[in-house]
Amino acid sequence: MPLDGRTQTLNRIYRDRSAVDVVDVALNTLGQIAVVSSFGAESVVLLHLAAQIDRTVPVLFIDTEMLFPETLAYQREVAEALGLTNIQIIRAKREVVFERDNENLLHLHDPDACCALRKTEPLQKALRGYDAWLSGRKRFQGGARAALDLFEVDRPMGQLPRIKVNPLAHWDSADLRSYIERHRLPRHPLVARGYPSIGCMPCTSRVGAGEDARAGRWRDQGKTECGIHFAGGTAQRAV
């Protein structure tokens, strides 16, 4: 069955099913599959769901080498707590970074290019050979995510299409908090310091009272996505 038809069928069948059911069918029926995780503010929920089914599932973690030190420590803490045994740390090749950003200042004048260099391109290389991948995106995060389906077709440039799975698409912030508390999962230390959404250190700021949770990402730049979750290979910007 073509991928478009398969995702439509899966969305119809699993529309009212639980996130754990979505993760289960993904890990057991979609072929070679990986979880992609930033080990950010809410990442532990998807990782915990996956770990309940298969602790050996590949977990792709992109280390941009511009992350908060707290994120690197949290990645190790979560992996140990959940018993995840196949964490794959993905980085851009040093010679490529040196050629395109030898002073580590690219994020200041072209953040889209920086995200492409350090995140999008390394991930797409890492995903070659996989039939599907799991993402932690949710509709309540707004922007291009507001109409997320549980299953969608990912069409990376220069590669065969694959299925992207968003098991938490229908969850809201209260669902996430409740799950974390119920299962006593470790929290990212920066959440308590005013960072409800966490990316690279130079491009992430604290969020004030009443602001959107992602307001601290690429603040005042009109940029809403790094490019990992892309449309036609292009990083997303607010209209």
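Please read all numbers here as calculations on a predicted model, not as lab measurements.
In this structure, the ring of Phe68 has its center less than 6.0 angstrom from the ring center of Tyr195.
Judged by distance alone, the side chain of Arg206 and the main-chain N or O of Arg193 form a donor-acceptor pair under 3.5 Å. Not one N or O on the side chain of Asp63 forms a donor-acceptor pair closer than 3.5 Å with the backbone of Ile90. The main-chain N or O of Leu67 is never found under 3.5 Å from a side-chain atom of Thr71 such that the two would form a donor-acceptor pair. A donor-acceptor pair under 3.5 Å is formed between the side chain of Glu211 and the backbone N or O of Gly208. Judged purely by atom type and a 3.5 angstrom limit, Arg162 has no side-chain atom pairing as donor or acceptor with the backbone of Ala132. Asp154 contributes no side-chain N or O that, together with a main-chain N or O of Ile163, makes up a donor-acceptor pair within less than 3.5 Å.
For the pair Leu47 and Val59, the minimum side-chain heavy-atom distance is below 4.5 Å. Side chains of Leu72 and Phe39 form no contact here, defined as non-hydrogen atoms less than 4.5 Å apart.
Following chains of ILVMFWY side-chain contacts shorter than 4.5 Å, one can reach Leu150 starting from Leu49, so the two form part of one hydrophobic cluster. With hydrophobic clusters built from ILVMFWY side chains whose heavy atoms lie under 4.5 angstrom apart, Val23 shares a cluster with Leu176. Both Ile33 and Tyr14 sit in one connected hydrophobic cluster of ILVMFWY residues. Membership requires side-chain heavy atoms under 4.5 Å apart, directly or through other members.
Taking all atoms of both residues into account, the shortest heavy-atom contact from Arg139 to Asp149 is NH2-OD1, 4.0 Å. The two residues Val78 and Pro186 come nearest to each other via the heavy atoms CG2-CG, 4.1 Å. The two residues Ala26 and Leu134 make their nearest non-hydrogen contact at CB-CD1, 4.1 Å. Minimum heavy-atom separation, Ile87 to Gln75: CG2-NE2, 3.5 Å. Nearest heavy atoms, Leu168 versus Lys138: O-CG, 3.2 Å. Heavy-atom minimum distance, Leu148 versus Ala169: CB-CB, 4.1 Å.
Remark: Tyr179 pairs with His48, Trp171, His183 by the ring-ring contact (aromatic ring centres under 6.0 Å, His included) rule, at least two apart or across chains.
Side-chain contact check for Ser178 and Asp175: no donor-acceptor pair (N or O, by modelled atom type) lies under 3.5 Å.
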#### Entry: Stepwise side chain to side chain donor-acceptor pair (under 3.5 Å) test for Ser197 and Arg217
CA-CA 7 Å; Ser197 181; Arg217 304 291 296 277; 2.9 Å; yes

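Applying the 6.0 Å contact sphere to CD of Gln32 captures no more than 12 heavy atoms from other residues, nucleotides or ligands. Atom CZ of Arg184 is surrounded by 12 or fewer heavy atoms from other residues, nucleotides or ligands within 6.0 Å. Around CD of Glu103, the count of heavy atoms belonging to other residues, nucleotides or ligands within 6.0 Å does not exceed 12.
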